[in-house]
Protein chains: 2
Amino acid sequence: MNQQELVKGLQRRAESKIILLILDGLGGLPIEPGGPTALEAAATPNLDRLAQEGSTGLSVPILPGITPGSGPAHLALFGYDPLVFRVGRGVLEAAGVGLPVAKGSVAARGNFCSLDPQGRITDRRAGRLTSEQASPLVQRLAALRVEGCEVLIRHVRDYRFAFMIRGPGLGAAVSDTDPQQEGAPPLAAAAQAPGSERTASLVNDWIGQAAMALSDQPVANGLTLRGFSTDPDLPQFSDSYGLTAACVAVYPMYRGVSRLVGMDVIEFAGERPEDEFAAVGAHWASHDFFFIHVKATDSRGEDGDFAGKAAAIEMVDRALPGLLDLKPEVLAVTGDHSTPARLRTHSWHPVPFLLWAPETVRQDGSPGFGETSCLRGGLGTFQAVNVMPLLLAHAQRLDKFGA
Amino acid sequence: MNQQELVKGLQRRAESKIILLILDGLGGLPIEPGGPTALEAAATPNLDRLAQEGSTGLSVPILPGITPGSGPAHLALFGYDPLVFRVGRGVLEAAGVGLPVAKGSVAARGNFCSLDPQGRITDRRAGRLTSEQASPLVQRLAALRVEGCEVLIRHVRDYRFAFMIRGPGLGAAVSDTDPQQEGAPPLAAAAQAPGSERTASLVNDWIGQAAMALSDQPVANGLTLRGFSTDPDLPQFSDSYGLTAACVAVYPMYRGVSRLVGMDVIEFAGERPEDEFAAVGAHWASHDFFFIHVKATDSRGEDGDFAGKAAAIEMVDRALPGLLDLKPEVLAVTGDHSTPARLRTHSWHPVPFLLWAPETVRQDGSPGFGETSCLRGGLGTFQAVNVMPLLLAHAQRLDKFGA
């Protein structure tokens with residue numbers, strides 16, 4: 001019996017509310033050796049108080065040394081072993097924009113790109129095409145048809161769109177058309193396993209039509225597709241945990257992974273932490289689990305902007321009282337992975353984790369919320385896939401195992 | 001998907017160099033309760049500085065409470081789950097002296113022993129026969145022949161030799177002839193599974209010839225064979241990690257396990273740490289991973305020589321600047337297991353681990369390098385099989401997992 005089966009069998013009904021607040025890429029490194037991390041440098045009186053009242057630790061997203069993408073990192077936080085449950089990039093993108101991911105549909109992530117007269121890619125992101133510029137081009141693509149199957153196209157953001165083909169007898173073992181470098185032409189889609197030949201052929205047919213539809217464009221005159229994948233058929237949150245779960249996230253990919261595990265994706269206006277927290281408040285009565293995703297921490301880390309990352313954390317901290325006013329039984333604050341500004345990319349370093357649950361938490365004397373203090377925290381260093389059982393336990397939503 | 005498959009798929013090319021410095025049996029216990037361990041008692045200014053600049057933790061060789069032999073302990077450090085990959089003692093011994101371990105060959109470890117007139121063992125190590133004494137006897141054994149197969153004999157050290165038989169239709173399920181006690185005669189080799197009957201018979205034939213060849217010897221007039229085993233067919237370092245790896249070790253067994261995972265085993269003169277570090281320097285350009293093995297720490301531990309163990313650690317510490325001058329991107333210092341002088345044998349206690357990687361490590365405020373400080377280190381207590389992913393990550397040689 002694995003953790004998932006164990007937890008599923010221990011569900012207990014309760015009225016308690018759980019909030020899982022993810023600051024994307026929260027973990028970091030000092031920008032100068034010996035100095036504080038961005039989280040430690042940030043002024044976070046609210047988070048520090050929660051740490052003092054709660055318990056802290058460090059979360060290992062996948063395995064020691066393994067740097068995760070956002071998809072597997074979030075799956076782990078949601079309790080799904082990402083080495084068992086593999087979710088393709090195409091499916092994440094498609095689910096994020098609300099395309100109906102289901103058995104029999106194959107999704108891919110699409111990028112507009114720039115091609116030279118010889119058909120070679122000169123810019124893999126078409127000059128970082130804006131959403132306004134991309135929108136009419138997406139409409140052109142959405143009008144194309146292939147034989148015997150339906151193709152659905154939806155804009156994601158900027159130069160990105162989601163591609164989905166659905167119909168009988170499709171397979172997702174189709175190779176990327178993105179050559180992953182400039183100076184090379186897009187590749188033809190190819191079947192990588194029996195049963196996907198027709199899908200590859202239909203995809204190539206569609207790409208040919210798309211090339212004509214974009215041929216009058218000065219910048220976005222080409223496209224690439226990658227991450228062909230199909231419904232991973234993930235166990236649903238309600239079934240696994242007995243939770244009515246909601247996702248409050250701005251970015252499509254996080255909405256996508258939430259939708260795949262059966263969360264309701266909440267629509268709301270604004271992009272600031274206080275806008276997200278207000279959205280939680282607006283749906284407080286109807287749900288008992290809220291996943292909130294803040295992107296700016298990761299973005300500033302990837303920019304190499306140490307001060308900006310600290311500022312993004314401070315913005316969350318300032319808005320926190322609005323969330324606490326809702327009086328959740330359990331509030332966890334962590335990241336899906338580390339994104340040290342010094343490395344300008346995701347990393348493998350364990351992620352600070354804060355668990356606040358006034359009724360049930362074992363206080364550990366944490367002085368505040370930071371990498372160094374979390375290292376000494378009462379939760380120790382544990383795997384991200386253990387987070388959900390911890391949250392459920394502290395919400396008194398799990399029965400005991402065995403007599 | 002397991003860790004090995006995961007890591008293999010994430011290989012990233014880089015110019016970075018990794019050194020894994022193993023002080024055999026490094027972990028210890030205080031010789032008197034409440035006192036320091038040998039590592040803590042040793043004056044180690046260089047190791048302490050590396051710990052202060054890096055991150056530390058404790059490595060569990062196999063599982064809590066499990067004391068490993070050197071073979072499985074090293075396999076774990078090299079990233080091979082020793083509960084999955086079983087390497088026989090015979091194969092380790094044979095590979096260590098350069099016998100060609102391959103499918104179809106069966107190897108065993110051989111010991112010269114002393115027999116009384118009734119054929120009972122009076123000394124399992126033939127009075128700790130010296131290499132000079134053993135060498136001509138090994139030549140006699142190497143001249144013996146069996147029907148239809150080739151037997152290869154090579155001297156290891158002192159009273160030990162490697163035995164290998166190769167040819168068609170052999171099996172490695174052959175029982176030890178060493179009765180593991182004095183006062184009993186050597187046992188006949190016996191097949192322990194179908195397919196090994198002929199092998200056992202050929203081994204017994206060879207043993208009979210060997211008994212005659214040694215019958216004129218006053219001390220080393222007998223022999224035992226144990227650890228019959230065949231090629232474990234281990235994944236190779238280059239394939240698993242994209243590393244060109246080198247082994248710098250004096251003792252055959254460590255050279256053997258390195259050869260089995262595809263490392264180049266470097267020849268060099270001398271046995272001191274500085275000799276080993278000089279050998280690393282001499283091959284610095286041609287390899288990107290160096291496994292260095294220091295035996296004295298374990299030997300002094302097994303002798304019950306607490307001060308000697310501390311002195312062996314100090315010898316390594318004094319030589320360390322020569323290694324650091326090479327400017328590795330990643331240097332890890334640890335042991336394969338603990339060998340407390342107080343216990344005079346290998347033990348299960350977690351092993352101090354030091355990770356130094358100026359560009360990528362998350363400093364943890366370790367005050368120095370010792371069991372007690374490692375217990376509070378930023379790497380926590382982790383499994384030895386996680387070491388390779390950690391080293392690769394800190395060398396920026398792993399791509400991220402998933403999108």
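Just so we're on the same page: letters track the sequence lines, and every chain starts at 1.
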Which portion of [X] sits near chain B, non-hydrogen atoms under 4.5 angstrom:
X: A:Thr37; result: neither
X: A:Leu75; result: neither
X: A:His346; result: side chain
X: A:Pro82; result: both
X: A:Pro350; result: both

Specify the closest pair of heavy atoms between [X] and [Y], including all atoms of both residues, with the distance to one decimal.
X: B:Pro389; Y: A:Pro64; value: CB-O, 3.3 Å
X: A:Leu375; Y: B:Asp364; value: CD2-CB, 3.9 Å
X: A:Gly65; Y: B:Ala393; value: O-CB, 3.1 Å
X: A:Pro72; Y: B:Gly402; value: CG-CA, 3.8 Å

Which region of [X], side chain (C-beta onward) or backbone (N, CA, C, O), has a non-hydrogen atom less than 4.5 Å from a non-hydrogen atom of chain A, or is it both or neither?
X: B:Gln363; result: side chain
X: B:Val361; result: backbone
X: B:Leu398; result: side chain

Task: Heavy-atom neighbours of B:Glu359 CD exceed 12 at 6.0 Å - done: no
- [ ] Taking atom CZ of A:Arg362 as the centre, report whether more than 12 heavy atoms of other residues, nucleotides or ligands fall under 6.0 Å from it.
- [x] no
TODO: Just give me the residue among A:Ile62, A:Leu83, A:Asp81 that pairs up with chain B most often, heavy atom to heavy atom, under 4.5 Å.
DONE: A:Leu83
Open item on the list: Under a 4.5 Å cutoff for heavy-atom pairs, which residue among A:Leu343, A:Ile66, A:Thr381, A:Leu92 has the most contacts with chain B?
Closed with: A:Ile66
First locate atom [atom1] of [X], then atom [atom2] of [Y], and finally report the distance between them rounded to the nearest 0.5 Å.
X: A:Trp348; Y: B:Thr360; atom1: CH2; atom2: OG1; answer: 4.5 Å
X: A:Thr67; Y: B:Gln396; atom1: OG1; atom2: CD; answer: 9.5 Å
X: A:Arg86; Y: B:Met1; atom1: CZ; atom2: CE; answer: 3.5 Å

